[in-house]
Student: 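The structure follows.
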Protein chains: 2
Amino acid sequence: MGSTKLNIHDAENNYLAKVAKVFSHPARVAIIKYISSSDSGCICNDIVKEIGLAQPTISQHLSEIKKIGLLDQSASGKSLSYSINTDKLNACRRLINDFFVKTQVNASS
Amino acid sequence: MGSTKLNIHDAENNYLAKVAKVFSHPARVAIIKYISSSDSGCICNDIVKEIGLAQPTISQHLSEIKKIGLLDQSASGKSLSYSINTDKLNACRRLINDFFVKTQVNASS
DNA sequence: TTGTAATATTGCAATATTACTATTATATTA
DNA sequence: TAATATAATAGTAATATTGCAATATTACAA
């Protein structure tokens, strides 16, 4: 009891929920927007300043976003430069949109 | 500490996160799919049988989905008939899609 | 090598979520 | 009216999430 019963759902529903969960916290939404808005990658420290949460909290959110493969990172001096993996972002977009299309079609038929 | 700091984010990000949270649990995804697939509304008891969680748990998930206005309900004998509010579903779809479009455009510019 | 800046990890407290059993409210049927 | 069916609510235990301070790690520079 207490934890989500993943085993009773199919893989498709579990994965959609997993992806949606990444976007289900305003800090992660803000982080993704901020990284996407910076021209050539984005340094963690700048995100900390931008968002207004402590560095470990941002680091934790970044790792949640990384878990679904939405972030690329590359070393840049002693900093890390984060950027959005646009292929993955597109895949997420399609995944979610397909769900809406299917649901919409069903709901209005 | 412990709870999401809504006040440091703007309303747009908070709302997107709130909507995404509804889709961030596989049971809710399954419930929404199931309701949308039934021709003329859908009875709570059928959802309980379909999903395989206890009735109060389903009821709780339904109320989460209701919170963003995604469900319509109407009395039908001693049962309640749930259906998807397609306008709201469309609005959610657009909200999320706009986020992806903006993010995508930024990320690849 | 020593110091320093940037990020990750650990550990913890506060809060939220998930799921259940028991109960209640309401409507229907006998 | 009494029994039954349906769904919501209350209460609770288990687990997850959020956010922070403290600390560790990594990479560079002097």
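Here is how names work: the chains are called A, B, and so on, in the same order as the sequence lines, proteins then strands, and each is numbered from 1. The structure displayed is predicted, hence computed values, not measured ones.
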Student: The side chain of H25(B) lies closest to which of these nucleotides: dA19(C), dA22(C), dA7(D)?
Tutor: dA19(C)
Student: Whole Å only: how far is the CG atom of L80(A) from the P atom of dT26(D)?
Tutor: 12 Å
Student: Do you know which two heavy atoms are closest between Y82(B) and I35(B), and how far apart they sit?
Tutor: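 Residues Y82(B) and I35(B), closest heavy atoms: O-CG2, 3.6 Å.
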Student: Taking atom P of dT15(D) as reference, at what distance in whole Å does atom CG of L6(A) sit?
Tutor: 14 Å
Student: Side chain of L53(B) only, heavy atoms from C-beta on: which candidate in dA8(C), dC20(C), dA8(D) is closest?
Tutor: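 Selected nucleotide (nearest to the side chain): dC20(C).
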Student: Hey, does K49(B) have a side-chain heavy atom less than 4.5 Å from the side chain of N45(B)?
Tutor: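 Answer yes - side chains close enough.
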Student: With ring centroids as reference points, do F100(B) and F23(A) lie under 6.0 angstrom apart?
Tutor: yes
Student: Under 3.5 Å, side chain of N14(B) to main-chain N/O of L6(B), donor-acceptor pair present?
Tutor: yes
Student: Taking the side chain of K66(B) as its heavy atoms from C-beta onward, which of dC20(D), dA8(C), dA8(D) lies nearest to it?
Tutor: dA8(D)
Student: Ignoring the backbone of C44(B), work out which of dA7(D), dA19(C), dC20(D) is nearest its side chain.
Tutor: dA7(D)
Student: For the NZ atom on K66(B), are there more than 12 heavy atoms of other groups (residues, nucleotides or ligands in this structure) within a distance under 6.0 Å?
Tutor: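 Count over threshold, so yes.
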Student: On DNA chain C, check which nucleotide each of S79(B) and Q55(A) is closest to and give me the residue with the more 5' one.
Tutor: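 Result: Q55(A).
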Student: Counting just side-chain N and O atoms, does Y82(A) come under 4.0 Å of either OP1 or OP2 of dA6(C)?
Tutor: no
Student: Five pairs per end, C1' atoms only: what is the angle between the end axes of the helix from dT1(C)-dA30(D) to dA30(C)-dT1(D), to 10 degrees?
Tutor: 10°
Student: From NZ of K5(B) over to P of dA14(C), roughly how many Å is that when rounded to an integer?
Tutor: 15 Å
Student: Could you state the atom-to-atom distance from CD1 of I58(B) to C1' of dT9(D) in whole Å?
Tutor: 16 Å
Student: Is H61(A) near enough to dG19(D) that one of its side-chain N or O atoms lies under 4.0 angstrom from OP1 or OP2?
Tutor: yes
Student: Whole-Å distance between dC20(C) C1' and I51(B) CD1?
Tutor: 17 Å
Student: List for me each residue that meets ring pair (Phe, Tyr, Trp, His ring centres under 6.0 Å) alongside H61(A), sequence neighbours excluded, and say none if there are none.
Tutor: H25(A)
Student: Among dT18(C), dT7(C), dA16(C), which nucleotide has an atom closest to any side-chain atom of K21(B)?
Tutor: dA16(C)
Student: Can you tell me if N45(B) touches the phosphate of dA5(D), counting only side-chain N or O atoms and a distance under 4.0 Å to OP1 or OP2?
Tutor: no
Student: How close do R28(A) and V22(A) get, counting heavy atoms only, and between which atoms?
Tutor: NE-O, 2.9 Å
Student: Looking at the side chain of L62(A), which of dC20(D), dA8(C), dA6(C) is the nearest nucleotide?
Tutor: dA8(C)
Student: With a 4.5 Å limit on heavy-atom distance, are the side chains of I84(A) and L71(A) in contact?
Tutor: yes
Student: In whole angstrom, give the distance that lies between atom CD of E64(B) and atom P of dA19(C).
Tutor: 12 Å
Student: F23(A) CZ to dT17(D) P: how many Å, rounded?
Tutor: 16 Å
Student: Heavy-atom nearest nucleotide on DNA chain D for A54(A) versus G2(A): which residue maps closer to 5'?
Tutor: G2(A)
Student: Examine dT18(C): is either OP1 or OP2 under 4.0 Å from a nitrogen or oxygen in the side chain of S3(A)? Give yes or no.
Tutor: no
Student: With nearest nucleotide decided by heavy atoms, which residue, K78(A) or T4(A), maps closer to the 5′ end of DNA chain C?
Tutor: K78(A)
Student: For dA8(D), does the base pair up with any side-chain atom of Q60(B) as donor and acceptor (N or O, under 3.5 Å, distance only)?
Tutor: no
